[in-house]
Protein chains: 2
Amino acid sequence: MVDNNDHIHLGRLQDFYATHKSLPPYAKIADICDMRSKAGVSKLVFRLKRDGFLQVAPGGRLAPTSRFFGRPLVGSAPAGFPSPAAELLDDALSIDDYLVEHPSDTVLVEVQGDSMIGAGIQPGDYVIVRKCQRAEPGQIVVAIMDGEFTIKYLDRDEKGYLLRPANAHYSLLRPEQELSIFGIVTGQFRKYS
Amino acid sequence: MVDNNDHIHLGRLQDFYATHKSLPPYAKIADICDMRSKAGVSKLVFRLKRDGFLQVAPGGRLAPTSRFFGRPLVGSAPAGFPSPAAELLDDALSIDDYLVEHPSDTVLVEVQGDSMIGAGIQPGDYVIVRKCQRAEPGQIVVAIMDGEFTIKYLDRDEKGYLLRPANAHYSLLRPEQELSIFGIVTGQFRKYS
DNA sequence: AGCTTAGGTGAACGTTCGTTCACCGTAAAG
DNA sequence: CTTTACGGTGAACGAACGTTCACCTAAGCT
């Protein structure tokens with residue numbers, strides 16, 4: 001463990017980033033961390049980079065790493081007591097980052113109907129959809145039928161593609177002529193009031 | 001509505017930010033957006049600021065606004081064709097903000113087991129848990145039994161509280177003595193590989 | 001046609017950036 | 001009691017920053 005004040009400085013930076021979604025220039029960091037010289041900041045930044053909290057993004061700007069975000073992820077620890085120490089699992093900074101890999105061509109669609117209830121997709125849920133025309137059998141897709149969105153498994157048999165609901169009360173859909181795919185379902189989320 | 005290419009440029013910036021958690025300097029933005037001059041970027045940034053996608057953080061750095069993160073929300077529009085124009089209309093929301101109302105006492109728990117499959121909560125999903133000791137019957141809670149997390153409906157009958165799975169293969173759990181509630185499930189999300 | 005609007009270009013310019021250097025004070029190690 | 005290591009200081013400096021300007025081109029309008 002560290003015996004210096006870097007974790008305090010880091011905390012200040014985390015607060016700033018949480019508020020402004022951006023890291024300030026060195027002069028402002030000095031301000032935030034009660035330092036009086038940019039040279040001190042330069043050394044601080046060196047340490048935080050070395051320790052894996054900061055990195056340099058393309059273009060040269062300072063950027064946070066995944067380690068910069070203290071994110072409470074509690075594992076379903078099978079044994080023992082759920083300790084806060086076991087929280088830090090890596091790789092996702094926020095739910096947004098985890099669910100949306102390509103923001104520019106990703107949209108949300110609200111689920112209507114219970115045709116996918118067997119796949120854990122309920123009415124009122126939102127699905128995260130990456131817009132694209134091509135999809136693989138087995139994927140859950142948003143297709144356009146009769147001008148409406150419909151969410152189904154994409155399947156194919158010897159006669160061609162078909163849309164399969166995850167609900168025994170619905171039947172297979174075989175597109176009349178051409179199947180119009182709006183996008184691929186890459187995620188799903190739901191909120192309990 | 002816009003008739004220019006700014007939403008494409010914005011998309012590039014969103015992708016960059018999603019990857020690097022930081023906005024690049026103008027020269028790099030020009031690079032990203034296939035522009036050849038910083039002057040063009042300057043005008044682009046002016047427009048994106050005017051339209052509420054960007055702002056200037058303390059220190060003078062460019063920073064995203066909440067609108068920058070808003071994901072286009074495509075309704076299950078019953079009529080008409082889903083036009084890209086309809087997407088950009090203001091129904092944008094940030095998944096984080098939507099799902100997590102109280103960040104300071106909210107944690108994520110990975111779901112293990114299929115005891116809540118009937119409620120659309122599958123193994124591998126994440127549930128958003130607001131830590132608190134009190135819960136109401138009917139809510140989905142994370143309880144601690146034998147040192148392990150367990151996700152169940154909280155119910156109560158004339159004999160007291162009990163934990164009810166959403167899976168016919170599991171049976172009701174009546175806590176031996178005291179029921180230890182870790183938190184209330186306020187949301188759920190899942191990612192498809 | 002002629003005019004206007006709007007996005008983009010390329011160069012110039014003053015400002016600000018982050019680095020570097022010698023130096024200071026404290027605290028642990030020899 | 002030195003010595004060393006380390007975080008921070010203050011000034012100086014070249015490089016990079018974002019703005020500004022005149023100009024270009026294409027599209028829309030009358």
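Note on naming: letters A, B, ... go to the chains in the order of the sequence lines (proteins, then strands), and numbering restarts at 1 for each one. Predicted, not measured: the structure shown is a model, and the values here were computed from it.
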Problem set entry | Name of the residue among B:Val127, B:Asn167, B:Asp114 meeting side chain to side chain contact (heavy atoms under 4.5 Å, CB included) with B:Ile121 | B:Val127
For this session: Answer yes or no: does a side-chain N or O of A:Ser42 lie under 4.0 Å from OP1 or OP2 of C:dT19?
Result: yes
Problem set entry | Spacing of B:Arg61 atom CZ relative to C:dC17 atom C1', expressed in whole Å | 8 Å
For this session: Map B:Arg50 and B:Gly59 onto DNA chain C by nearest heavy atom, then report which one ends up closer to the 5' terminus.
Result: B:Arg50
Seminar exercise, completed: Heavy-atom nearest nucleotide on DNA chain C taken for A:Pro25 and for A:Lys43; more 5' hit belongs to A:Pro25
Exercise. Between B:Gln139 (side chain) and B:Val185 (backbone), is there a donor-acceptor pair under 3.5 Å?
Worked result: no
Problem set entry | Between C:dG7 (C1') and B:His7 (NE2): distance, integer Å | 15 Å
Exercise. Are any side-chain N or O atoms of A:Gln112 and backbone N or O atoms of A:Gly124, one a donor and one an acceptor, separated by less than 3.5 Å?
Worked result: no
For this session: Mind running ring pair (Phe, Tyr, Trp, His ring centres under 6.0 Å) on B:Phe189 and B:Tyr126 for me, showing each step along the way?
Result: CA-CA 5 Å; B:Phe189 62 90; B:Tyr126 289 91; 5.5 Å; yes
Exercise. How do B:Gly40 and A:Val41 order along DNA chain D: which one's closest nucleotide is nearer the 5' end?
Worked result: A:Val41
Exercise. With distance as the sole test, does A:Asp125 use its side chain to make a donor-acceptor pair with the main-chain N or O of A:Arg190 at under 3.5 Å?
Worked result: no
For this session: Would you tell me whether B:Lys152 and B:Ser115 have side-chain atoms, one donor and one acceptor, within less than 3.5 Å of each other?
Result: yes
For this session: On DNA chain D, reading 5' to 3', which nucleotide is the first and which the last to sit with an atom under 4.0 Å from a heavy atom of chain B, could you check?
Result: D:dC17 to D:dC21
Problem set entry | Whole-Å distance separating the CG atom of B:Asp51 from the C1' atom of C:dA6 | 14 Å
Exercise. For B:Arg36 and C:dT9, is the shortest distance between a side-chain N/O and OP1 or OP2 below 4.0 Å?
Worked result: yes
Exercise. Which whole-number value in Å describes the distance from A:Asp31 CG to C:dG18 P?
Worked result: 14 Å
Problem set entry | Within 6.0 Å of CZ in A:Phe46, more than 12 heavy atoms from elsewhere | no
Problem set entry | Residues B:Lys28, B:Asp31: salt bridge by 4.0 Å N-O rule | yes
For this session: Please give the angle, rounded to 10 degrees, between the axes at the start and the end of the helix from C:dA1-D:dT30 to C:dG30-D:dC1, where five pairs define each axis.
Result: 20°
Problem set entry | Pairing of A:Lys131 and A:Asp105 as salt bridge, 4.0 angstrom limit | no
